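Everything below concerns the one structure shown next.
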Amino acid sequence: MTEFGATCLAWSATFGYWALIAAFALSLVRLVKGPTLPDRIVALDLMTVLATAFTVLLAIDNGEGHFIDVALALGLVSFLATVGFARYVMTRDVTSAANLPASPSSGLPQSLAQAPSPEGADASPSSAREKPDA
Amino acid sequence: MRLPLQQGKSPMHDLLASLLIVIGAFLCLSAAVGLVRFPDIYSRMHAASKAGTLGIGCLFLAAIFHFADIEIAILCILAIAFFMLTAPVSAHLLARAAYRSGVKSWARDGVDQLAGRYDETDGRLAGHAFENDLSTKN
């Protein structure tokens, strides 16, 4: 009867490994082709969560309880990384137009029209936001 | 091919742990599918933060049931609480930063009710009653 539980655990761990590998590959797709910078940041956030899940699964599959510490530390670091990236997105110069979608209609002409605005040096990041109903 | 088979305290622990592993890994996979398939940044963030958090919570629960050890259980409950607390915070920060830096939502999303309501200089959201009462804008 104990053999049954161990076999069940081994099969589900194998399924979990392959599901997490597939999820990693899918979020890598979004990381490469995400049209804006926040898309890539969301993909990185999910990838750190998936790495944490992989660590927990390794801990269960190897019977090694110390890997849980690694997972906890990785979760802490991933939260700090996401907050840092969000601060970076909010405070950087948006006239570089790198965060706008890559379609040719938006992006460069709008940012060029925004660049010689009379606000001068202290152009806030929100000043270049497009009004959707304009 | 594999290491020697691991087993927990009882077959019931093993069964519960393997069920939670399957559910958690499937939720992580569905988070990644949503990240690829959804149309704009805000819905992608919805998929990644919610399903990812639930999936990793299930995996930590599986670790609790597999090890059946009080120290590891405390650590795992701490980790679950931490993920549940920080995932909405980071998703909200990222969505706010994305909106303020000009990332548009899906074209078929309808009306953008936040349009023009962020203050241009200090980034506060205007129009709520408590802000009109406090009148902290200068």
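A, B, ... follow the sequence lines: proteins, then strands. Residue 1 opens every chain. Below, each value reflects all heavy atoms present in this structure, side chains not excepted, and no hydrogens, waters or symmetry copies. This one's a predicted model, so the numbers in the text were calculated from it and none came from an experiment.
Proximity to chain B involves both the backbone and the side chain of D69(A), based on heavy atoms less than 4.5 angstrom apart. Looking at A95(B), neither its backbone nor its side chain comes within 4.5 Å of chain A, counting heavy atoms on both sides. Only the side chain of F67(B) comes within less than 4.5 Å of a heavy atom of chain A; its backbone N, CA, C and O stay farther away. Contacts of I21(A) with chain B are absent, with no heavy-atom separation under 4.5 Å from either backbone or side chain. Using a 4.5 Å cut-off between heavy atoms, L20(A) contacts chain B through its side chain alone, with no backbone atom that close. For V49(A), the parts lying near chain B are the backbone and the side chain together; criterion is any non-hydrogen pair under 4.5 Å.
When hydrophobic clusters are built by joining Ile, Leu, Val, Met, Phe, Trp and Tyr residues whose side-chain heavy atoms come closer than 4.5 Å, directly or via intermediates, F60(B) is grouped together with L16(B). L37(A) and L31(A) fall within the same hydrophobic cluster, defined by Ile, Leu, Val, Met, Phe, Trp and Tyr side-chain heavy atoms under 4.5 Å apart, directly or through other members. Following chains of ILVMFWY side-chain contacts shorter than 4.5 Å, one can reach M47(A) starting from Y17(A), so the two form part of one hydrophobic cluster. Transitive grouping of hydrophobic side chains (ILVMFWY, heavy atoms separated by less than 4.5 Å) keeps L61(B) and L85(B) in distinct clusters. In the hydrophobic cluster analysis, where Ile, Leu, Val, Met, Phe, Trp and Tyr join through side-chain heavy atoms closer than 4.5 angstrom, L20(B) is grouped together with F67(A).
Around the CE atom of M12(B), the shell of radius 6.0 Å holds no more than 12 heavy atoms that belong to other residues, nucleotides or ligands. Counting heavy atoms of neighbouring residues, nucleotides and ligands inside a 6.0 Å radius, atom CZ of F79(A) exceeds 12 of them. Counting non-hydrogen atoms of neighbouring residues, nucleotides and ligands closer than 6.0 angstrom, the CZ atom of F26(B) reaches no more than 12 such neighbours.
One distance of note links CZ of F24(A) with SG of C28(B); it measures 11.0 Å at 0.5 Å rounding. With values rounded to the nearest 0.5 angstrom, F82(B) atom CZ is found 7.5 Å from L72(A) atom CG. Atoms CD1 and OG1, from I56(B) and T48(A) in turn, are 8.5 Å apart once rounded to the nearest 0.5 Å. Note: M90(A) CE to L94(B) CG = 9.0 Å, rounded to the nearest 0.5 Å.
Minimum interatomic distance between G63(A) and H66(B) (heavy atoms only, all atoms of both residues): CA-CE1, 4.4 Å. Minimum interatomic distance between R30(A) and V36(B) (heavy atoms only, all atoms of both residues): NH2-O, 2.7 Å. The nearest pair of heavy atoms linking L29(B) to A19(A) is CD1-O, 3.6 Å. For the pair A25(B) and F15(A), the tightest heavy-atom approach, listed with the atom from each and the gap, is CB-CE2, 4.4 Å. What you find for A48(B) and L46(A) is that their closest heavy atoms are O-CD1, 3.9 Å. Considering all non-hydrogen atoms of both residues, A86(A) and A97(B) come closest at O-CB, 3.5 Å.
Of the listed residues (D45(A), V29(A), V83(A), T52(A)), the greatest number of heavy-atom pairs within a distance under 4.5 Å of chain B belongs to T52(A). The most heavy-atom pairs under 4.5 Å with chain B, out of T82(A), I60(A), I68(A), come from I60(A). Of all the listed residues (A25(A), G75(A), A22(A)), the one sharing the greatest number of non-hydrogen pairs under 4.5 Å with chain B is G75(A).
By the 4.5 Å heavy-atom criterion applied to side chains, L26(A) and L35(B) are not counted as neighbours. Annotation: side chain of D14(B) is not in contact with side chain of F4(A) (no heavy-atom distance under 4.5 Å). Between L9(A) and I21(B) there is a side-chain heavy-atom pair separated by less than 4.5 Å. Side-chain contact check for I41(B) versus V42(A): some heavy-atom pair is nearer than 4.5 Å.
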